[in-house]
Amino acid sequence: MVKVLIDGREHECEEGMTVLQACEQAGVEIPRFCYHDRLSIAGNCRMCLVKISPGPPKPQASCALPIGEGMKITTDSPSLRSARKGVMEFLLINHPLDCPICDQGGECDLQDQALAYGFDRSRFAENKRATGEKFMGPLVKTVMTRCIHCTRCVRFANEVAGVDTIGMLGRGEDVEITTLEQTLDSELSGNVIDLCPVGALTAKPSAFRARSWEVEKTDSIDVMDAIGSNIRIDSKQGRVLRILPRLHEEVNEEWISDKARFSCDGLTRQRLDQPYIRKEGKLVPVPWQEALTLVATKTKQARARCAAIAGNQCDVESLYALKKLLEGQGSQMFDARQGGAQFDPALRNGYLFNTTFARVAESDALLIVGANPREDAPTLNARLRQAWLHGSLKHVFGIGASCDLTYPCIWLDDKPQRLVKLAGGKDGVFETLSQAKRPMLIVGYDALERNDGKEIWHLCGVIAEKASMVQEGWNGFNMLHRNASSVGACEIGFNRGLEGIQPLLVAMVQGDVDVAFVMEADDFDLESLKRCFTVYIGHHGERTAAQADVILPSAAYTEKDGTWINTEGRVQQGFAAVSPPGAAQAAWRILRALAEELGEPPAWNDLQGLRTSLVQEHPDLGTLDRPLSAAWQSLGKAGVLREDAIVAKRDNYYMTCPISRASETMSACTRARRALRSSAMTHAA
């Protein structure tokens, strides 16, 4: 520890800290623009000036100055205030006076600092420099005349996102931030908007729609992947305008994916807002009572021949209510793995991301099997890149479809037979993994959504055991789910059996199911529903709704209070920001009304009662914001592997659910990425 004096008060700081970090730790706020605690130090803006003694007489930039024993730091004095005012005056020489039309107004660092260090007039008579706008794709709007060249966006792109699209050209007065007119080819590109301390980079989809003080702010959880990123939903007049990240060091830090941030415009398109019944081959709008009566009649007739398939974004409460409804009819036919992932949902250690996100930085060797963390979990991939960038993660190997992860990865094979060699210890890569101090394995849905997925899952467990990935104080076996509902469905027993949804689909095709409840699921083989009376509970009119016999409109994730469990087993709750459209209701309300229509009302009448019943049956779900833990058990049994390669199941990152597929912004991103990739292939040829 190092002792320093900050404004006459003694403080102990860790060796290696900068003066700015020491002052922040002591509770002294230092103005800054270019410094960010998750990015490298640039020292561009010179706003964070302090006086150091003993030392040179002039003020120094605190962000780039390491502390030393006995250092005396002065953070506020007439000379420092004068120096900071001078820096601010220089920053504002070319800055336009367009705060009234700037989307950053009200949440702008430059405005805040100008209030304390600005001047009410300019002493410069020269013409202001104008800078042309830069093209950064369909998500980021640029007004580069406002840019103060802090280079936060450049450092984020290079260090966190792992792309070299943004850079700086020119010198002195001619310097410019540019992308050379290219789309930002990153799943995290929207985070540069939050990083920009001025209005140079703003959100293009929500431009000029509202001021920051006009919106209602609601805390919630992202459901576009299984990370469970903490988000803030900004709404105005009952409509979601934008989604921003909330700080959570152990989950998403302060980043969110572009899909989480920008797909919200899909919430208002193709919405189901009233019940429908199919009459004479056409879906006809009907009152709630008529729809519920028909469904109840069909359910009473079917009894144990009812089945249910749940989608990727369902909250735990809705899954629990649907499970209880079917169990009341004597049915055990339900599952939420509509992609067909094969693993045993009875083994918690086999379906969790056991290492947890916060501890991936400790890993020094990684094996990826059938996963693409860059698209499946962009914020997790950013953590993995940071681990590689800072030297802890030395070896990354992959089995499956090769892809650019933004950090070096040696792709060993695209066929699962390589896992047999690794499990037998007959591979040089096995030695590297077994000799590592903190080896880690990530298995994804590209491997598990195969007919031999359970065999691959078993082999991954064997490798984890033999390569010492599971040891005292460390569990390196991780499943990377893609869907927000997956772990919750496993925890409450909604997912059943090793083979996933396949036996359920076979039962439907063979006529063993009379009534099929489909809740927010549109990504499975709909041919299996042709012999069933189909009840669709969902919020978007997609493929399943078009084929359903009854449609019961439900609320989307921004329109209901709900609980989701992320891939590391962290139980988190989100809150409703806006009301559902029309007559739509939260799914658990619909299912409770249906149970009452069946004459079998549950013991709970409201959400709190439902949660009480849920926690009584599953006590581990009563602890919020803490990852679930599980003792290690061997995974399944050996079986026969297929000879074909593990291929990428998804071909479009931006459109993976009903909300994102209805989003015009995600459609624009899809076109931009395809054009970018096509251009790259043309240049390569």
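Here, residue 1 is the first one in the sequence, and each next residue gets the next number. None of these values were measured; they are calculated from a predicted model.
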Open item on the list: Checking side chain to side chain contact (heavy atoms under 4.5 Å, CB included) between Ser528 and each of Val509, Thr534, Val513, which is the one that passes?
Closed with: Val509
Task: Minimal non-hydrogen separation, Ala447 against Ile456, with atom names - done: O-CD1, 3.5 Å
Task: Arg418 charged N/C atom sitting above Phe397 aromatic ring, 6.0 Å / 45° - done: no
Open item on the list: Run Glu455 and Lys637 through salt bridge (Lys or Arg N to Asp or Glu O under 4.0 Å) and show every step you take.
Closed with: CA-CA 7 Å; Glu455 283 79 20; Lys637 299 179 181 179; over 6 Å; no
Open item on the list: Phe334 and side chain to side chain contact (heavy atoms under 4.5 Å, CB included): which single residue from Ile501, Leu325, Leu504, Leu326 fits?
Closed with: Leu326
Open item on the list: Check whether Thr355 reaches the backbone of Asn475 with its side chain - one donor and one acceptor, N or O, closer than 3.5 Å.
Closed with: yes
- [ ] Measure the shortest side-chain to side-chain distance between Thr656 and Arg482 over non-hydrogen atoms and say whether it is less than 4.5 angstrom.
- [x] no
Open item on the list: Test side chain to side chain donor-acceptor pair (under 3.5 Å) on Asn483 and Gln313; report intermediate values, then the result.
Closed with: CA-CA 7 Å; Asn483 310 319; Gln313 299 173 339; over 6 Å; no
Task: Neighbour count >12 (heavy atoms, 6.0 Å) for atom CZ, Arg650 - done: yes
Task: Side chain proximity check, Leu366 to Leu441, heavy atoms < 4.5 angstrom - done: no
Open item on the list: Please determine whether side-chain contact (heavy atoms from CB on, under 4.5 Å) holds for the pair Leu628 and Arg348, giving the CA-CA distance in whole Å, both sets of side-chain angles, and the decisive distance to 0.1 Å.
Closed with: CA-CA 9 Å; Leu628 300 171; Arg348 180 187 283 177; 3.9 Å; yes
TODO: In sequence, state the C-alpha distance, the side-chain angles, and the governing distance for Lys421 and Asp427, and then conclude on side-chain contact (heavy atoms from CB on, under 4.5 Å).
DONE: CA-CA 6 Å; Lys421 294 182 179 179; Asp427 197 299; 4.2 Å; yes
Open item on the list: So Leu384 and Tyr407, do their side chains get closer than 4.5 Å, heavy atoms only?
Closed with: yes
Open item on the list: Set out, in order, the CA-CA distance, both residues' side-chain angles and the distance that settles salt bridge (Lys or Arg N to Asp or Glu O under 4.0 Å) for Lys323 and Asp335, then state yes or no.
Closed with: CA-CA 9 Å; Lys323 177 174 178 279; Asp335 207 281; over 6 Å; no
Open item on the list: Checking the side chain of Glu499 only, and the main-chain atoms of Gln342 only, is there a donor and an acceptor separated by less than 3.5 Å?
Closed with: no
Task: Polar side-chain atom of Ser667 near backbone of Ser663 as donor-acceptor pair, under 3.5 Å - done: no
TODO: Could you pull out the closest heavy-atom pair between Gly538 and Glu520, with the gap in Å?
DONE: CA-CG, 3.9 Å
TODO: Show your working on side-chain contact (heavy atoms from CB on, under 4.5 Å) between Met508 and Ile309 and close with a plain yes or no.
DONE: CA-CA 11 Å; Met508 290 179 177; Ile309 299 173; 3.7 Å; yes
Task: Under 3.5 Å: donor-acceptor pair, side chain of Lys466, backbone of Ala423 - done: yes
TODO: Would you name the heavy atoms of Ser363 and Arg438 that are closest together and state the gap between them?
DONE: OG-O, 3.0 Å
TODO: Give the intermediate values and the outcome of ring pair (Phe, Tyr, Trp, His ring centres under 6.0 Å) for residues Phe343 and His481.
DONE: CA-CA 12 Å; Phe343 59 89; His481 292 277; 5.8 Å; yes
Open item on the list: Given the ring of Phe533, does Lys298 sit roughly above its face, with NZ or CZ under 6.0 Å from the centre of the six-membered ring and within 45° of the axis?
Closed with: yes
TODO: Quick one: do Asn252 and Thr379 satisfy side chain to side chain donor-acceptor pair (under 3.5 Å)? Show the steps, please.
DONE: CA-CA 6 Å; Asn252 58 300; Thr379 55; over 6 Å; no
TODO: Using modelled atom types only, decide if a donor and an acceptor are shared between the side chain of Asn566 and the backbone of Ile227 within a distance under 3.5 Å.
DONE: yes
Open item on the list: Measuring only between side-chain heavy atoms, which start at C-beta, is Lys324 closer than 4.5 Å to Trp604?
Closed with: no
- [ ] Return yes if a side-chain donor-acceptor contact under 3.5 Å exists between Gln301 and Asp514, otherwise no.
- [x] no
Open item on the list: Main chain of Ala377, side chain of Asp225: is a donor-acceptor contact present, judged purely on distance under 3.5 Å?
Closed with: no
TODO: For residues Lys415 and Ile399, report the shortest heavy-atom separation together with the two atoms involved.
DONE: O-CG2, 3.8 Å
Task: From NE2 (His539) to OG1 (Thr558), nearest 0.5 Å - done: 8.5 Å
Task: Arg374 bridged to Asp404 by N-O distance under 4.0 Å - done: yes
TODO: Answer with yes or no whether the side chains of Glu187 and Tyr654 bring together a donor and an acceptor at under 3.5 Å.
DONE: no
Task: Distance (rounded to the nearest 0.5 Å) between Ile590 CD1 and Leu292 CG - done: 8.0 Å
TODO: For Asp522 and Tyr536, test the side chains for any donor-to-acceptor distance below 3.5 angstrom and give the result as yes or no.
DONE: yes
Task: Close side-chain approach of Val316 and Ile565, heavy atoms under 4.5 Å - done: yes
- [ ] Using the six-membered ring of Tyr653, assess whether NZ or CZ of Lys259 lies under 6.0 Å from its centre and within 45 degrees of the ring axis.
- [x] yes
Task: Steps toward side-chain contact (heavy atoms from CB on, under 4.5 Å) verdict (His540, Ile659) - done: CA-CA 7 Å; His540 277 72; Ile659 297 173; 3.8 Å; yes
TODO: Tell me whether the centres of the aromatic rings in Trp564 and Tyr557 are closer together than 6.0 Å.
DONE: no
Task: Side chain to side chain, Ile368 and Met440, heavy atoms closer than 4.5 Å - done: no
Open item on the list: Can a side-chain donor-acceptor contact be found between Thr670 and Asn652 if the only test is distance below 3.5 angstrom?
Closed with: yes
